[in-house]
Number of protein chains: 2
Amino acid sequence: MTHEIDDIEAQLRAKGVQVTRQRLAIVNVLRLAGDHPTADEILSRAKLEDESISQATVYRTLAALEKVGAVLKNDFDGAGARFELADRAHHDHLIDLDTGEVIEFHSELIESLQAQIAAELGYEIEWHRLELYARKRPGG
Amino acid sequence: MTHEIDDIEAQLRAKGVQVTRQRLAIVNVLRLAGDHPTADEILSRAKLEDESISQATVYRTLAALEKVGAVLKNDFDGAGARFELADRAHHDHLIDLDTGEVIEFHSELIESLQAQIAAELGYEIEWHRLELYARKRPGG
DNA sequence: CTGGATGCAAAATTTTTGCAAAGAA
DNA sequence: TTCTTTGCAAAAATTTTGCATCCAG
């Protein structure tokens with residue numbers, strides 16, 4: 001437990017991010033999140049760990065972490081942005097239109113096709129976003 | 001010219017959308033747009049055609065048209081949503097990170113791979129979004 | 001110490017809404 | 001006529017910012 005937090009600290013420092021009590025709380029929220037919380041949800045959850053944390057800090061921290069590639073910002077429902085830690089391998093998202101559940105998946109084949117298409121257009125992909133909005137199949 | 005507008009009117013009515021002067025102006029803006037304008041840009045452009053049109057009407061019209069599938073809402077830069085007419089064949093977007101230019105493309109192969117992945121997860125895709133954020137290749 | 005981070009509250013952005021008047025079918 | 005749409009302005013919702021203070025390194 002304490003070990004994990006040490007790891008987080010080390011990883012943040014390695015990315016040139018100054019480590020603070022608030023930032024640890026926020027990263028920890030993302031670590032433990034099974035979902036993709038909004039800034040507001042992150043704030044509430046972080047407050048459980050550190051009452052004094054403010055909304056501004058949540059936004060500023062998320063922006064800072066996104067800049068160094070430690071956090072990914074998504075916008076599934078058009079409402080508020082949703083965040084996740086960028087600590088695992090790259091993946092795309094399938095959003096269940098009925099439940100809002102977000103399922104992660106990865107296809108190396110699709111990735112390479114994307115690169116190929118970009119190349120044909122004379123481009124090199126910096127990053128991409130693939131979201132499938134879907135419903136459970138009747139006989140699923 | 002007038003013919004095209006007649007067509008638009010007919011298409012809107014066919015989708016069960018009541019046709020008004022303001023809605024025609026908005027759809028016309030989208031028709032003539034070579035880019036993917038924001039709500040605000042649509043408002044300015046529509047005002048050139050119809051001074052009295054209001055912001056609220058732009059948002060309400062875009063929402064109404066999106067609901068019947070006549071308009072697509074995108075969110076490329078995380079700032080404001082960007083809209084386009086859904087009158088052409090389905091396509092995805094490649095966004096030039098340096099210029100902001102948006103290039104449309106389509107890959108039947110990627111589409112079918114997406115469907116296959118969804119199926120494996122027990123889902124059926126309702127719609128999807130694929131965006132490639134890229135830069136022109138050095139030797140491009 | 002010193003520059004970056006934080007909290008607070010105010011501001012900025014983008015989008016939505018209530019309501020009375022106007023318009024489409 | 002009847003139900004929907006519109007304009008206006010106010011309200012919501014989300015994100016950003018100024019500034020004095022605090023804290024990590």
Side-chain angles (χ1 to χ4, degrees), chain A residues 5-6 8-29 36-47 49-68 70-83, chain B residues 5-6 8-29 36-47 49-68 70-83:
Chain A
I5 290 183
D6 286 349
I8 297 179
E9 285 202 37
Q11 285 168 31
L12 289 183
R13 285 213 187 76
K15 296 193 185 243
V17 177
Q18 192 168 107
V19 174
T20 65
R21 184 167 37 86
Q22 294 88 338
R23 290 183 170 182
L24 283 179
I26 291 169
V27 170
N28 213 34
V29 164
H36 295 70
T38 62
D40 209 53
E41 290 166 341
I42 292 170
L43 175 62
S44 328
R45 297 181 198 178
K47 273 192 166 169
E49 186 169 321
D50 179 346
E51 174 57 44
S52 79
I53 202 166
S54 78
Q55 182 199 43
T57 294
V58 169
Y59 278 105
R60 285 190 278 226
T61 295
L62 290 171
L65 296 184
E66 193 195 3
K67 188 154 72 172
V68 300
V71 153
L72 295 175
K73 188 176 178 181
N74 297 108
D75 184 39
F76 301 138
D77 41 27
R82 296 181 164 275
F83 301 84
Chain B
I5 290 182
D6 286 350
I8 297 178
E9 284 201 38
Q11 285 168 33
L12 289 183
R13 287 215 184 74
K15 296 193 184 245
V17 176
Q18 192 169 108
V19 174
T20 66
R21 183 167 39 86
Q22 294 88 338
R23 290 181 171 182
L24 283 179
I26 291 169
V27 170
N28 213 34
V29 164
H36 295 70
T38 61
D40 208 52
E41 290 165 342
I42 293 171
L43 175 61
S44 327
R45 297 181 198 178
K47 272 191 167 171
E49 186 169 323
D50 181 345
E51 175 58 43
S52 79
I53 201 167
S54 78
Q55 183 199 42
T57 295
V58 169
Y59 278 106
R60 285 189 278 224
T61 295
L62 290 171
L65 296 183
E66 194 195 3
K67 188 154 72 171
V68 300
V71 153
L72 295 175
K73 188 177 178 181
N74 297 106
D75 183 40
F76 301 138
D77 41 26
R82 298 182 164 275
F83 301 84

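Letters A, B, ... mirror the listed sequences (proteins, then strands); counts begin at 1.
- Shown here for A:E41 and A:H36, the closest heavy-atom pair between the two residues is OE1-O, 4.4 Å.
- A:I26 places its CD1 atom 13 Å from the C1' atom of C:dG7, with the value rounded to the nearest Å.
- Atom pair B:K67:NZ and C:dT16:P shows a separation of 13 Å (rounding to whole Å applied).
- Regarding A:R23, its CZ atom lies at a distance of 15 Å from the P atom of D:dC23, rounded to whole Å.
- Rounding to whole angstrom units, CD1 of residue A:I53 and P of C:dA5 are separated by 14 Å.
- With C:dT15, C:dC8, D:dG7 as the candidates, the nucleotide lying closest to the side chain of B:Q55 is C:dT15.
- Side-chain atoms of A:R60 stay outside donor-acceptor range of the base of C:dG4, with no qualifying N/O pair under 3.5 Å.
- Residue A:L12 contributes atom CG, which lies 10 Å from atom P of D:dG25 at whole-angstrom precision.
- For the pair B:T20 and B:A81, both in contact range of DNA chain C, the more 5′-proximal nearest nucleotide belongs to B:A81.
- Looking at B:T57 and B:T61, their side chains come closer than 4.5 Å, going by heavy atoms from C-beta outward.
- In this structure, B:Q22 reaches the D:dG7 phosphate: one of its side-chain N or O atoms is under 4.0 Å from OP1 or OP2.
- Rounded to whole Å, the distance from CG on A:L43 to P on D:dT14 is 12 Å.
- When the P atom of D:dC22 is taken as reference, atom CZ of A:R21 falls 13 Å away, rounded to whole Å.
- Phosphate proximity of D:dT16 to A:Y59: absent, as no side-chain N or O sits under 4.0 Å from OP1 or OP2.
- A heavy-atom distance below 4.5 Å is not found between the side chains of B:L43 and B:V29.
- Contact check, B:R13 against C:dA25: a side-chain N or O comes under 4.0 Å of OP1 or OP2.
- The A:Q18 side chain lies nearest to C:dG4 when the options are C:dC8, C:dG4, D:dG7.
- In this structure, CG of B:D40 is placed 14 Å from P of C:dT16, rounded to the nearest angstrom.
- Between B:V58 and A:A63, the residue anchored closer to the 5' end of DNA chain D is B:V58, taking for each the nucleotide with the nearest heavy atom.
- In this structure, B:R13 contributes its side chain and B:V19 its backbone to no donor-acceptor pair below 3.5 Å.
- Of all non-hydrogen atoms in A:R21 and A:S52, the two that sit nearest each other are NH1-OG, 3.7 Å.
- Checking the phosphate oxygens (OP1, OP2) of C:dG7, a side-chain nitrogen or oxygen of A:S52 falls inside 4.0 Å.
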